[in-house]
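Heavy-atom basis, side chains included; hydrogens, waters and symmetry copies ignored. Along the sequence shown, residues are numbered consecutively beginning with 1.
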Amino acid sequence: MPRVYYAKSSGTDRAFMAVPSGGGWSQTSIAPGKPIERLSVERNDNGVDILYLVDVTNRKLYYGRN
């Protein structure tokens, strides 16, 4: 299933993943409450997405898998 990852410029939740749903897309927050400004995603050989989420304001890097 295709997945799209993106960051919004404002709001409480800023990092999202969207998947096709019906005739549109369904979005899910992937870092609730974290002020993520940048993100990078790599898919490994097993099909697992490796997430690197950057909070520039607080100088933090978050790592996750999906």
Residues Ala18 and Tyr6: closest non-hydrogen pair is CB-CE2, 4.0 Å
Phe16 reachable from Trp25 in the ILVMFWY side-chain graph, under 4.5 Å edges:
yes
- Are the side chains of Tyr52 and Glu42 in touch, meaning some heavy atoms are under 4.5 Å apart? yes
>> Is the shortest side-chain heavy-atom distance between Thr57 and Asp55 below 4.5 Å?
In response: yes
- Compare all side-chain heavy atoms of Tyr63 with those of Ile50 and state whether any distance is below 4.5 angstrom. yes
Residues Ala31 and Asp13: closest non-hydrogen pair is O-OD1, 4.4 Å
Count I, L, V, M, F, W, Y as connected when their side-chain heavy atoms are under 4.5 Å apart, and connections chain through other members. Are Ile36 and Val56 then in the same cluster?
no
Rounded to the nearest 0.5 angstrom, the OH-OG1 distance for Tyr5 and Thr28 is 10.0 Å
Original post:
Under 4.5 Å between any side-chain heavy atoms of Glu37 and Val54, yes or no?
Top reply: no
d(Lys8 NZ, Ser10 OG) to nearest 0.5 Å is 8.5 Å
Output for pair (Arg3 CZ, Arg43 CZ), nearest 0.5 Å, gives 4.0 Å
Taken to the nearest 0.5 Å, the spacing of Leu51 CG from Arg65 CZ works out to 10.0 Å
d(Leu39 CG, Leu61 CG) to nearest 0.5 Å is 11.5 Å
Any side-chain heavy-atom pair from Met17 and Ile30 closer than 4.5 angstrom? yes
Value for OG (Ser21) from CD (Gln27), rounded to nearest 0.5 Å, stands at 11.5 Å
Notebook entry, point to check: Side chain of Asn46, backbone of Val48: donor and acceptor closer than 3.5 Å?
Noted result: no
